[in-house]
Participant: 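Just passing along the structure, written as structure tokens.
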Amino acid sequence: MATSEPAQDRIRPAVPAGAAAVPGGDAFAAAARAVALRTPRRPPVPVPLPAAPGTVELTGPVFGTADVGPLDHDLTRQHDGAPVGERIVVGGRITDRRGRPVRGQLVELWQANAAGRYAHPLDRHPAPLDPHFTGAGRCLTDDDGRYRFVTVRPGAYPLGGPHDLWRAAHLHFSLFGTAFTQRLVTQMYFPGDPLLPADIIWHAVSDEAARARLVCTLDRTLGEPGRSLGYRWDIVLDGPSATWTEGDR
């Protein structure tokens, strides 16, 4: 599974001077440049027309070699032992602009562990790895468009640079639509996180209402009594209230 920002040195963009003054001014410009570095640098590959339906899918990546399993959504049960960290449940609905459920949607999640480190060879953050946590899961939405993940709350991690900026705790989400070419990637944040006001990726979303839609809400009904808290995050795929994705500008 691809991780959009796994590395301390080679992947994460350098934070320009002035970025500590988030929000506004030079900091917003720095955030915009940082997000621009996350977009593809090469032009799309043209597909000769006319082409049979599904032709473009034959040249795209394939995620996994098997169907989604019954435990793929539970990131805490993928190894022999339990991962370190605060256990949480994240769930919600995926809908279109009219509130209609998007059924059978492949949803992928990836994240840093509780110490703020990705299980990725290019992440050189000195925080410890967790042998019982890979940080990646997937599920399919049900007939009501609902998804559900069981995981641990991710830790913050530093971006480096002279201003000692950190990323707020966040989860990466990928939604595949009905074809790989429809893939959307976005991020979810946690309410009340004191690092949010200085998170340059969150502030790269220029619209305040759109930023607010990236923050989940505490929902005790989604959690497991005595074991985990629940967080609700609904995703809207299109329309004026659409959830921001990394391709948006």
Participant: Carefully, step by step, assess Trp110 and His120 under the rule side-chain contact (heavy atoms from CB on, under 4.5 Å).
Facilitator: CA-CA 11 Å; Trp110 67 97; His120 191 286; over 6 Å; no
Participant: Are Leu71 and Gln78 close enough that some pair of their side-chain heavy atoms sits under 4.5 Å apart?
Facilitator: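 Heavy-atom side-chain distance check fails, nothing below 4.5 Å.
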Participant: Decide side-chain contact (heavy atoms from CB on, under 4.5 Å) for Phe173 and Thr245; before the verdict, give the C-alpha distance in whole Å, the side-chain angles of both, and the deciding distance to 0.1 Å.
Facilitator: CA-CA 9 Å; Phe173 278 79; Thr245 62; over 6 Å; no
Participant: Is the shortest side-chain heavy-atom distance between Leu75 and Leu109 below 4.5 Å?
Facilitator: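 Answer yes - side chains close enough.
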Participant: Taking only Lys NZ, Arg NE, NH1 and NH2, and the carboxylate oxygens of Asp or Glu, determine whether Asp96 and Arg100 approach each other closer than 4.0 Å.
Facilitator: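 Between Arg100 and Asp96 there is a salt bridge, with a charged N closer than 4.0 Å to a carboxylate O.
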Participant: Taking all non-hydrogen atoms of both residues into account, name the closest pair between Val205 and Ala210 and its distance.
Facilitator: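 Looking at all heavy atoms of both residues, the shortest contact is CG1-CB, 3.7 Å.
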Participant: Between Arg220 and Leu229, is the side-chain contact (heavy atoms from CB on, under 4.5 Å) condition met? List the steps.
Facilitator: CA-CA 6 Å; Arg220 300 290 294 273; Leu229 292 174; 3.6 Å; yes
Participant: Is any side-chain heavy atom of Leu171 closer than 4.5 Å to one of Gln187?
Facilitator: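 In short, these two side chains do not touch, never coming nearer than 4.5 Å.
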Participant: Is any side-chain heavy atom of Val215 closer than 4.5 Å to a side-chain heavy atom of Trp202?
Facilitator: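 Val215 vs Trp202: side chains touch.
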Participant: Main chain of Gly137, side chain of His73: is a donor-acceptor contact present, judged purely on distance under 3.5 Å?
Facilitator: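 Such a contact is absent between His73 side chain and Gly137 backbone.
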Participant: Is it true that a side-chain atom of Asp123 and a backbone atom of Arg117 form a donor plus acceptor pair closer than 3.5 Å?
Facilitator: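 No.
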Participant: Are Val102 and Trp244 joined in one hydrophobic group, where the rule is that I, L, V, M, F, W and Y side chains link up if heavy atoms are under 4.5 Å apart?
Facilitator: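 Yes: a chain of side-chain contacts under 4.5 Å links Val102 to Trp244.
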Participant: With heavy-atom distances below 4.5 Å as the criterion, would you say the side chains of Arg213 and Thr243 are in contact?
Facilitator: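 The answer is no; the side chains never approach within 4.5 Å.
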Participant: If I compare all heavy atoms of Ala127 with all of Ala115, which pair ends up nearest, and what's the gap?
Facilitator: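 Nearest heavy atoms, Ala127 then Ala115: CB-O, 3.3 Å.
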Participant: Look at the side chain of Asp130 and the backbone N and O of Asn113, then say whether any donor-acceptor pair between them is shorter than 3.5 Å.
Facilitator: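 Side chain of Asp130 to backbone of Asn113: no pair is present.
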Participant: When you measure from the side chain of Thr141 to the backbone of Gln105, do you find a donor-acceptor pair of N or O atoms at a distance under 3.5 Å?
Facilitator: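 Yes, Thr141 side chain to Gln105 backbone: donor-acceptor pair under 3.5 Å.
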Participant: For Asp80, is the CG atom crowded, meaning more than 12 foreign heavy atoms sit under 6.0 Å from it?
Facilitator: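 Result for CG/Asp80: open.
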Participant: Could you walk me through whether Leu237 and Leu175 pass the side-chain contact (heavy atoms from CB on, under 4.5 Å) test, one step at a time?
Facilitator: CA-CA 9 Å; Leu237 296 184; Leu175 298 93; 4.0 Å; yes
Participant: Under 3.5 Å, is there a donor-acceptor pair between the side chain of His170 and the main chain of Arg167?
Facilitator: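 Answer holds: no.
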Participant: Test your reading of the model: is there a side-chain donor-acceptor pair from Asp234 to the backbone of Arg93, 3.5 Å cut-off?
Facilitator: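 Confirmed, Asp234 side chain pairs with Arg93 backbone.
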Participant: First locate atom SG of Cys139, then atom CG of Leu106, and finally report the distance between them rounded to the nearest 0.5 Å.
Facilitator: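 These two atoms lie 8.0 Å from each other.
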Participant: Show every donor-acceptor pair shorter than 3.5 Å between a side-chain atom in residues 147-156 and any protein atom, with sequence neighbours excluded, or say none if there are none.
Facilitator:
unit_1	atom_1	unit_2	atom_2	d
Tyr147	OH	Trp233	O	2.6
Thr151	OG1	Gln111	OE1	2.6
Arg153	NH1	Tyr231	OH	3.3

Participant: Report whether Leu196 and Leu159 are members of the same hydrophobic cluster (ILVMFWY, side-chain heavy atoms less than 4.5 Å apart, transitive linking).
Facilitator: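 Looking at the clustering, Leu159 is in the same group as Leu196.
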Participant: Quick one: closest heavy-atom pair of Pro197 and Pro194, and the distance?
Facilitator: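 Taking Pro197 first and Pro194 second, the nearest heavy atoms are CD-O, 3.3 Å.
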Participant: Under a 4.0 Å threshold between the charged nitrogen and the carboxylate oxygen, would Asp72 count as salt-bridged to Arg138?
Facilitator: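 So Arg138 pairs with Asp72 through a salt bridge.
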Participant: Hey, does the side chain of His132 reach the backbone of Gly81 with a donor-acceptor pair shorter than 3.5 angstrom?
Facilitator: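 Yes, His132 side chain to Gly81 backbone: donor-acceptor pair under 3.5 Å.
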Participant: Does any part of the side chain of Asp199, heavy atoms only, come nearer than 4.5 Å to the side chain of Tyr189, both counted from C-beta?
Facilitator: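 Side chain of Tyr189 against side chain of Asp199, heavy atoms only: contact under 4.5 Å found.
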Participant: Determine, using the 4.5 Å side-chain heavy-atom cutoff (strictly less than), whether Val107 and Val89 are members of one ILVMFWY cluster.
Facilitator: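 No; Val89 is not reachable from Val107 via cluster members.
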Participant: Any luck finding a side-chain donor-acceptor pair between Thr76 and Arg87 under 3.5 Å?
Facilitator: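 Distance-only check passes for Thr76 and Arg87.
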Participant: Indicate yes or no: at least one non-hydrogen side-chain atom of Val84 is less than 4.5 angstrom from one of Phe133.
Facilitator: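 Side chain of Val84 against side chain of Phe133, heavy atoms only: no contact under 4.5 Å found.
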Participant: When rounded to the nearest 0.5 angstrom, what is the spacing between CG in Asp193 and CG in Leu195?
Facilitator: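 These two atoms lie 5.0 Å from each other.
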Participant: Among the clusters formed by ILVMFWY side chains lying less than 4.5 Å apart, do Val185 and Val236 turn up in the same one?
Facilitator: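 Each belongs to a different hydrophobic cluster.
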Participant: Please examine the side chains of Arg97 and Ser241, heavy atoms only from C-beta on, and report whether any two atoms are closer than 4.5 Å.
Facilitator: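 No - every pair of side-chain heavy atoms lies 4.5 Å or more apart.
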Participant: If you measure from CG on Leu214 to CD1 on Ile201, what distance do you get to the nearest 0.5 Å?
Facilitator: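 So the CG of Leu214 and the CD1 of Ile201 are separated by 11.5 Å.
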